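Predicted, not measured: the structure shown is a model, and the values here were computed from it. This chain uses plain numbering: 1 for the first residue, then up along the sequence.
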Amino acid sequence: MAERRATAAAEPDFLQFNDLACEAEGGKVIFATDEWFAPAKNLLKREAPQFIPSAFTEFGKWMDGWETRRKRIPHDWCIVQLGVPGLIHGLDVDTSFFTGNHPPYVSIQATCLELPSFTPGEDRTGMAATAAQIAAVAKLSSEVWPELVGVAPLQPGHADRCHNYFRVSSRSRVTHLRLNMHPDGGIARLRVFGVGQRDWSAVPTNQDVDLVALTNGGVCLGYSDAHFGHPRNMIANMADGWETARRLDRPKTLQGILQVPGWEWAVFRLGHPGLIGSIEVDTNHFKNFPDSCRIEACLLTPEEEARCVQTRWNSGKWEVLLAPQKLRPHHRHHYSKADLAPTRPVSHVRLIIAPDGGVSRLRLWGRPTGAPANQSRPSSKL
């Protein structure tokens, strides 16, 4: 079951995790009972919802979300296939701009299925599920899937209360969700925050993998600044990267070699502890790139990780993995094993940029060692 967080003013710590359902990571809606006013696939858009007063379709007002007709049958529901199967720690049912037509209540169920990947079809605006589609989806028995969120009230989509947060206590791997409207209406976005889980037993021991990738279970656990973009964007498939604000302690005049006080940082837990053999730091599309970067690493137990989170990563057993390196704009910087300090297996890394700026991607190629990283629970506070 779930603990409800109704207002955006008290943002829960699980927002730090990855959105496992985002369409950019492969999330898909594979069934919806009704999509008359707006298709359910809009729920998984990466972009924030928008409202265009002048936008209409032949079915009525254009809305950036999933909107069904007024029901005279039990209720509407859809099934979401996660782009990254994993452990879910929280959800956001966002009703932005649905201020007189949002569902009064919602519930969410979850399961782990081995289904073939689904390829989305045409725009289904103005359509509803056919009898054949309903019969096919009935074979999944989704009505009896375990509940993540029991029937709970939703706030309307005004800016100060459109985010309906639910902290989830489930610790089982999830591949599919059933989102239930009670009974009908419109929802702008469904965000599913968690940590990916990969079957590491199927990975050959001599194969290099990106140990920090979102799809492999990598997750951001802390950062100094995310004014223009969250650090988790660096480990995603499609995102805008991490970009910080300009530091206010920079000198009034810059001359010669750039030497300024301060730096920014982001910490990641790898999807699996391992030996890192090569690194990629990509500043693609960033002309406001950092002057330099360095990377530190350590091997932590879950208890040590929790202590580090509490101290905002001022404690820890950090060792230099990549010494400071000058960076260039709009460039993929590759560092081989010869560029890295000799190291043991690591579970966490800290990317430090000086003094500030933007990085689009971070890739840490290596080979898994030992047991998988602890993914059974989130840190107590991020």
Side-chain angles (χ1 to χ4, degrees), residues 8 15 18-71 75-84 88 91-110 117-130 133 137 142 149 154-159 161-166 176-193 236-240:
L15 298 186
N18 306 313
D19 182 1
L20 304 182
C22 180
E23 65 175 4
E25 301 302 329
K28 304 175 181 69
V29 174
I30 64 174
F31 173 84
T33 53
D34 186 287
E35 299 172 271
W36 187 262
F37 294 113
K41 67 180 182 180
N42 289 342
L43 290 169
L44 310 184
K45 286 182 178 178
R46 181 168 64 91
E47 299 79 12
Q50 60 176 319
F51 183 78
I52 304 176
S54 61
F56 288 83
T57 74
E58 60 181 302
F59 303 101
K61 180 71 184 74
W62 178 88
M63 294 296 289
D64 191 7
W66 174 36
E67 186 178 4
T68 71
R69 291 171 288 188
R70 302 181 193 221
K71 280 286 148 312
H75 66 87
D76 281 313
W77 52 278
C78 72
I79 291 182
V80 174
Q81 176 180 303
L82 300 184
V84 182
I88 298 175
L91 303 109
D92 177 14
V93 181
D94 183 350
T95 57
S96 290
F97 306 115
F98 288 96
T99 55
N101 50 353
H102 71 288
Y105 299 91
V106 70
S107 65
I108 300 173
Q109 297 162 270
S117 181
F118 173 81
T119 302
E122 74 282 5
D123 184 343
R124 293 182 52 82
T125 305
M127 302 177 69
T130 65
Q133 291 169 333
V137 80
S142 61
V149 179
L154 285 185
Q155 298 290 337
H158 301 290
R161 49 181 173 158
C162 59
H163 294 283
N164 297 268
Y165 294 129
F166 301 93
H176 293 75
L177 296 177
R178 172 169 161 152
L179 172 64
N180 302 291
M181 293 182 181
H182 298 286
D184 53 47
I187 296 172
R189 297 290 187 270
L190 174 65
R191 307 295 190 196
V192 182
F193 295 99
N237 287 327
M238 295 177 61
D240 299 327

So if I apply the side-chain contact (heavy atoms from CB on, under 4.5 Å) rule between L177 and each of V29, L20, I108, which one comes out positive? I108
Between [X] and [Y], what is the shortest heavy-atom contact and its length?
X: A38; Y: G65; value: CB-O, 3.0 Å
X: L44; Y: K28; value: CD1-N, 3.5 Å
X: F193; Y: D92; value: CE1-CB, 4.0 Å
X: T125; Y: P39; value: OG1-CD, 3.1 Å

Angle class for the F59/W36 ring planes (parallel below 30°, perpendicular above 60°, tilted otherwise)? perpendicular
R46 CZ to N237 CG distance, which is reported to the nearest 0.5 Å: 11.0 Å
Do NZ/NE/NH1/NH2 and the carboxylate oxygens of R70 and D184 come within less than 4.0 Å? no
Starting from the C-alpha separation in whole Å, work towards a yes-or-no answer on side chain to side chain contact (heavy atoms under 4.5 Å, CB included) for V93 and V149. CA-CA 11 Å; V93 181; V149 179; over 6 Å; no
Going by atom types alone, do N164 and Q155 pair a side-chain donor with an acceptor below 3.5 Å? no
Hey, mind stepping through F97 and D64 against side chain to side chain contact (heavy atoms under 4.5 Å, CB included) and telling me if it holds? CA-CA 8 Å; F97 306 115; D64 191 7; 6.0 Å; no
Show your reasoning for whether side chain to side chain contact (heavy atoms under 4.5 Å, CB included) applies to V84 and N18. CA-CA 9 Å; V84 182; N18 306 313; over 6 Å; no
Are side-chain heavy atoms of H163 and D94 found at a separation under 4.5 Å? yes
